[in-house]
Amino acid sequence: MPATSRSRRQRHIRIESGALTLDYQASAEQARDVARELTQHCSDLTVTIDDKVCCDLPHLPCAGLWA
């Protein structure tokens with residue numbers, strides 16, 4: 001798959017901490033970068049990425065800062 005197709009593929013990213021659960025959609029690269037940063041700096045967070053993207057999921061806030 002060409003790099004441009006991979007980078008544009010939308011992924012579901014879930015960020016969990018205790019009772020707080022946040023679900024977003026983001027490009028594969030953005031989701032990967034956010035997950036890496038969050039888990040490196042916040043050990044109490046659980047971050048999962050999968051292909052269960054729904055059109056009603058909000059986009060990752062400040063997505064332009066990632067990847």
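Sequence positions, counted from 1, serve as the residue numbers for this chain.
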Kindly say whether V34 contributes a backbone atom to a donor-acceptor pair with the side chain of E37 at under 3.5 angstrom?
-> no
What is the distance from atom CD of Q30 to atom CD1 of I49, rounded to the nearest 0.5 Å?
-> 11.0 Å
In terms of heavy-atom contacts, I13 and A35 come closest through CD1-N, 4.3 Å
With a 4.0 Å cut-off, would you call D50 and R11 a salt bridge?
-> no
Would you call T46 and R14 a side-chain contact if the rule is heavy atoms closer than 4.5 Å?
-> no
Heavy-atom nearest pair, Q25 first then Q10, reads OE1-NE2, 3.2 Å
Rounded distance (nearest 0.5 Å) linking atom CG of L60 with atom CG of D23 = 11.5 Å
Considering only heavy atoms from C-beta outward, does the side chain of V53 approach that of D51 to under 4.5 Å?
-> no
Heavy atoms of L57 and K52 approach each other most closely as CD1-O, 4.2 Å
OG of S17 to CG of L38: how many Å apart, nearest 0.5 Å?
-> 10.5 Å
Between A31 and A26 the two heavy atoms that sit nearest each other are N-CB, 4.1 Å
